[in-house]
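One structure is given below, encoded as structure tokens.
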Amino acid sequence: MNLTETKSRQTKYCTQIEQIVKRLGHASNAQILAELHSAYPDVSATTVHRATARLASRGELGIAPVDSGGAMRYDANVIPHDHFLCEHCGLLRDVDIASHIGPLLEKAIEGCRVSGRITISGTCKTCAKGGNFA
Ligand SMILES: [Zn+2]
Ligand SMILES: [Zn+2]
């Protein structure tokens, strides 16, 4: 395989990976690999790792809170935001909390500036309704 071929394959995977993360909202490398496998059975975990790392370093993918197994997740939304994490099903939802409670937090920590984003865990509506508690 020559260099041009390698390059176009990488671009192809990057485009596919971006689309997968956009569709899922948040996705780990394992999830992305599973999705890619249906179209490209020969794609390797290493290829996915490299492509997601490159996309994240270019700012085309954000970093989301880790999943329940501690696996790193990528975020389709690259604008800084907060997350709601369901402790039962692992659902991760984009929310905007820090801009509402930032002033309260800063008061609580005696004037220190808050710049980090927040992940709040709990039980999502579906799990609360279905009594789907692990
Ligand atoms: Zn849930
Ligand atoms: Zn997010």
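One-based numbering, in listed order, for ligands and for the atoms of each. Throughout, numbering of the chain's residues begins at 1 and tracks the sequence.
Note on C89: counted as a metal contact of the Zn ion (ligand 1), an N/O/S atom lying under 2.8 Å.
Taking the N/O/S atoms of D75 in turn, the shortest distance to the Zn ion (ligand 2) belongs to OD2. The closest approach of D94 to the Zn ion (ligand 2), by N/O/S atoms, is made by OD1.
Hydrophobic cluster membership is shared by L24 and Y13, with clusters built from Ile, Leu, Val, Met, Phe, Trp and Tyr side chains linked at under 4.5 angstrom. Under a hydrophobic-cluster definition in which Ile, Leu, Val, Met, Phe, Trp and Tyr are linked whenever side-chain heavy atoms come within less than 4.5 Å, directly or via other members, L92 and I79 are assigned to different clusters.
Note: angle at the Zn ion (ligand 1), from SG of C86 to SG of C124, is 110° (rounded to 10 degrees). Geometry at the Zn ion (ligand 2): NE2/H81 and NE2/H26 form an angle of 170°, nearest 10 degrees.
Residues T119 and H83 have side chains that never bring a donor and an acceptor to within less than 3.5 angstrom of each other.
Residues D94 and H26 meet the side-chain proximity criterion, which asks for heavy atoms closer than 4.5 Å.
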Next on the checklist: For a side-chain contact (heavy atoms from CB on, under 4.5 Å) check, start with the C-alpha distance between I120 and D82, then their side-chain angles and the critical distance, and finish with the verdict.
Outcome noted: CA-CA 8 Å; I120 300 280; D82 309 304; over 6 Å; no
